Amino acid sequence: MTPKFWSIPTSTLSAAELAEKSTILKQRLADITKRFSDVRFATSLAAEDMVITDAISKANAKIKLFTLATGRLHQETIEMVKTTEDHYGLSITKVYPLESDVQAFIDQYGMNGFYDGEEPKKACCGARKIKPLNTALLGADAWITGQRREQSTT
């Protein structure tokens with residue numbers, strides 16, 4: 001069987017509706033940068049995040065971009081950072097976990113221990129995502145994420 005790769009879904013919005021949504025997004029970004037002095041955008045380089053990156057670039061918004069370089073990213077994701085930086089002429093800060101935190105996880109659970117249950121999964125996320133995210137947000141007034149409403153419990 002030939003694998004089916006993901007492709008951009010066909011939009012049901014008209015060109016005018018898309019333009020209106022783009023304008024609203026740029027206005028929201030402008031409002032955020034007026035209200036807050038140190039705005040940071042956590043990008044995973046997923047489709048939703050690329051829409052926001054495009055809007056930040058087109059609006060020339062003073063928003064710092066960063067990504068969590070967990071040490072477990074696919075090579076294509078790592079390459080997408082450079083591709084995005086080159087395309088938009090901006091910089092994406094790579095935030096790495098502390099080597100000691102990753103090593104402590106590996107010592108306790110093994111390299112792929114996050115597959116073994118909820119506790120090791122939380123420990124891995126704590127070391128590779130949560131602690132680096134907290135570090136990346138130190139001093140920020142506002143944080144933007146591409147997470148969709150239905151992806152959050154809040």
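Every value quoted in this text rests on a predicted model; they were computed, and no experiment measured them.
- Annotation: side chain of V81 is in contact with side chain of L45 (closest heavy-atom distance under 4.5 Å).
- Using a 4.0 Å cut-off between charged side-chain N and carboxylate O, D141 and R35 make no salt bridge.
- The closest side-chain heavy-atom distance from L29 to I144 is below 4.5 Å.
- Annotation: side chain of K62 is not in contact with side chain of V39 (no heavy-atom distance under 4.5 Å).
- Side-chain contact of D31 with Q27: a donor-acceptor pair under 3.5 Å is absent, judged by distance alone.
- Q75 CD: more than 12 foreign heavy atoms inside a 6.0 Å radius.
- For the pair K121 and E118, the salt-bridge criterion is met [side-chain N within less than 4.0 Å of a carboxylate O].
- Counting heavy-atom neighbours within 6.0 Å of K131 NZ, excluding the residue itself, gives a total of 12 or less.
- Using a 4.5 Å heavy-atom threshold, the side chains of M80 and H87 count as separate.
- T67 contributes a side-chain N or O that, together with a main-chain N or O of T43, makes up a donor-acceptor pair within less than 3.5 Å.
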**Request:** Dump the intermediate steps for side-chain contact (heavy atoms from CB on, under 4.5 Å) on L133 and V95, then the final yes or no.
**Result:** CA-CA 8 Å; L133 176 64; V95 182; over 6 Å; no

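- Among pairs with a residue in residues 103-141, those fulfilling ring-ring contact (aromatic ring centres under 6.0 Å, His included) read F105-Y109, at least two apart in sequence or across chains.
- A distance of 8.5 Å separates CG of L68 from CG of L73, quoted to the nearest 0.5 Å.
- Looking at T53, D54, T83 one by one, the single match for side chain to side chain donor-acceptor pair (under 3.5 Å) with Y88 turns out to be D54.
- Under the 4.5 Å side-chain criterion, counting only non-hydrogen atoms from C-beta, M50 is in contact with T84.
- Residue E119 places its CD atom among 12 or fewer non-hydrogen atoms of other residues, nucleotides or ligands, all under 6.0 Å distant.
- Around NZ of K21, the count of heavy atoms belonging to other residues, nucleotides or ligands within 6.0 Å does not exceed 12.
- Put simply, L137 and I130 are part of two different groups of oily side chains (I, L, V, M, F, W, Y) that touch within less than 4.5 Å, one to the next.
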